[in-house]
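What follows is a short report on a single structure.
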Protein chains: 2
Amino acid sequence: MLELSSIQKKYILHWGEMGTKWGISRTVAQIHALLYIWPEPVNAEEITVALSIARSNVSMSIKELQGWGLVKVTHVMGNRKDHFETLTDVWEMFRIVMEERKRREVDPTFAMLEECLAEMKKSRDSDKYTKERLLEMQDFFTTANKCYEQTRGLSTSSFRKLAGMGGWVLKALKLG
Amino acid sequence: MLELSSIQKKYILHWGEMGTKWGISRTVAQIHALLYIWPEPVNAEEITVALSIARSNVSMSIKELQGWGLVKVTHVMGNRKDHFETLTDVWEMFRIVMEERKRREVDPTFAMLEECLAEMKKSRDSDKYTKERLLEMQDFFTTANKCYEQTRGLSTSSFRKLAGMGGWVLKALKLG
DNA sequence: CTTATATTTCAGAATATTCTGAAATTACAG
DNA sequence: CTGTAATTTCAGAATATTCTGAAATATAAG
């Protein structure tokens with residue numbers, strides 16, 4: 001009934017720690033790690049036991065993961081319980097998280113900068129320096145976003161190719 | 001004595017919120033925002049008043065920011081107080097944070113994966129599936145790191161150029 | 001419909017994090 | 001030295017987050 005090896009535990013615990021450093025709760029990260037390394041879909045009861053957490057915590061955390069688009073429900077023949085699984089393609093996972101963080105965090109920041117700059121214009125604010133800084137921040141977000149747009153669509157294999165080119169592309173473009 | 005406009009407050013508060021979503025304490029992020037938009041170096045006392053926080057909190061938070069390499073001390077002529085300032089180049093800031101997060105979070109994860117895989121080999125672990133997943137995760141980190149290595153050195157203006165190319169580079173490389 | 005199983009919700013407990021205030025330490029002017 | 005200003009430290013308070021357990025709700029088999 002889902003017995004974790006010490007190696008699997010190690011991986012899951014580490015992933016939990018990582019999560020906390022990125023604003024994701026330990027449990028949510030651990031569940032994701034468990035689903036990632038387990039060969040079959042796992043049900044809530046099994047997660048409860050494997051990670052020694054409350055049933056309700058599993059429920060909430062799974063919802064959170066579903067909110068990120070990282071976990072989906074499946075069903076096992078002859079079993080009424082919901083079973084959960086996550087993606088096996090790490091790049092795809094990464095892409096999803098990027099997209100979601102952009103939506104949740106970058107876009108609102110963009111809006112805030114826009115608002116601040118608009119208000120500054122309206123009030124003929126004489127605070128040149130702050131305006132300069134806000135513009136530079138806006139420029140950063142704009143440029144970073146463009147870079148992101150250009151690569152967001154790349155497949156896993158494309159990334160691997162790009163990584164394998166050893167930087168000559170960028171050198172050729174004289175972007176050193 | 002460092003009076004914040006409502007726009008400046010808005011920016012600082014937003015930045016504080018953002019911080020919490022990325023595992024950085026509200027205060028630390030707010031102080032960073034304040035230093036970023038303020039035209040002159042700011043001393044601890046001023047931060048205390050401007051953000052309505054305890055003097056000791058300023059001290060600790062500044063230390064944290066210094067730990068990230070984002071804030072440095074300067075001195076104002078005829079004033080014994082330490083004054084603080086941060087970078088004005090957002091890209092440089094971003095680069096520093098990336099580098100530091102890599103060191104603090106990616107490298108340890110790399111090491112953990114290495115350890116897990118080594119242990120698996122030693123114990124002739126028959127858990128093929130988990131091994132596969134760990135290898136794939138390792139591959140992701142390796143490739144992502146290579147991509148990062150290739151761009152970490154790019155200057156701010158190079159990034160802007162790259163962003164301006166509208167993706168034709170990647171298309172030309174048939175990396176769609 | 002009844003009953004058993006499964007899931008969700010949510011108030012409050014447990015825990016973790018952040019912040020404060022007082023005391024200790026450091027730095028330096030006189 | 002001595003005294004004062006500046007900074008740091010850190011125990012515990014305040015706060016925020018996460019987690020639990022019990023109750024409510026949903027689902028479906030009989």
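The NE2-C1' distance, from A/His83 to C/dT5, rounds to 14 Å in whole Å. In this entry the distance linking CG of B/Leu51 with P of C/dC19 reads 11 Å, nearest Å. Rounded to whole Å, the distance from NE2 on A/His75 to C1' on C/dT7 is 11 Å. Here D/dT20 presents its C1' atom at 11 Å from CE of A/Met60, a figure rounded to the nearest Å. To the nearest angstrom, C1' of D/dT9 lies 16 Å from CD1 of B/Ile62. Going from atom CD of A/Glu46 over to atom C1' of C/dT7 covers 16 Å, rounded to whole Å. Between B/Asn57 atom CG and D/dA14 atom P there is a gap of 16 Å when expressed in whole angstrom units. Atom CD1 of B/Ile24 and atom C1' of C/dT18 are 15 Å apart (whole Å).
Comparing C/dA22, C/dC19, C/dC10 by their closest approach to the side chain of B/Thr27 singles out C/dC19. When each of D/dC19, C/dT9, C/dC28 is scored by its nearest atom to the side-chain atoms of B/Arg80, the top-ranked nucleotide is C/dC28. Distances from the side chain of A/Lys63 to the nucleotides C/dA22, C/dA4, C/dT8 place C/dT8 closest. Of all nucleotides listed (C/dT9, C/dT20, D/dC19), C/dT20 comes nearest to the side chain of B/Ser56.
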Step-by-step salt bridge (charged side-chain N to carboxylate O under 4.0 Å, His left out) determination, B/Lys81 to B/Glu45: CA-CA 9 Å; B/Lys81 287 187 169 112; B/Glu45 177 62 16; 5.8 Å; no

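Nearer to the 5' terminus of DNA chain C, by closest-nucleotide assignment, is the contact made by A/Asn79 (compared with the other of B/Ser25 and A/Asn79).
Residue B/Arg55 places at least one side-chain N or O closer than 4.0 Å to OP1 or OP2 of D/dT7.
Relative ring orientation between B/Phe140 and A/Trp91 is described as perpendicular, the plane-to-plane angle rising above 60° on a 0-90° scale split at 30° and 60°.
Rounded to the nearest 0.5 angstrom, B/Cys116 SG and B/Met137 CE are separated by 11.5 Å. Rounded to the nearest 0.5 Å, atoms CD1 (B/Ile24) and CH2 (A/Trp22) are 9.0 Å apart.
The closest side-chain donor-acceptor pair between A/Thr156 and A/Asp89 falls under 3.5 angstrom.
Counting non-hydrogen atoms under 4.0 angstrom, A/Asp82 reaches the backbone sugars and phosphates but no base.
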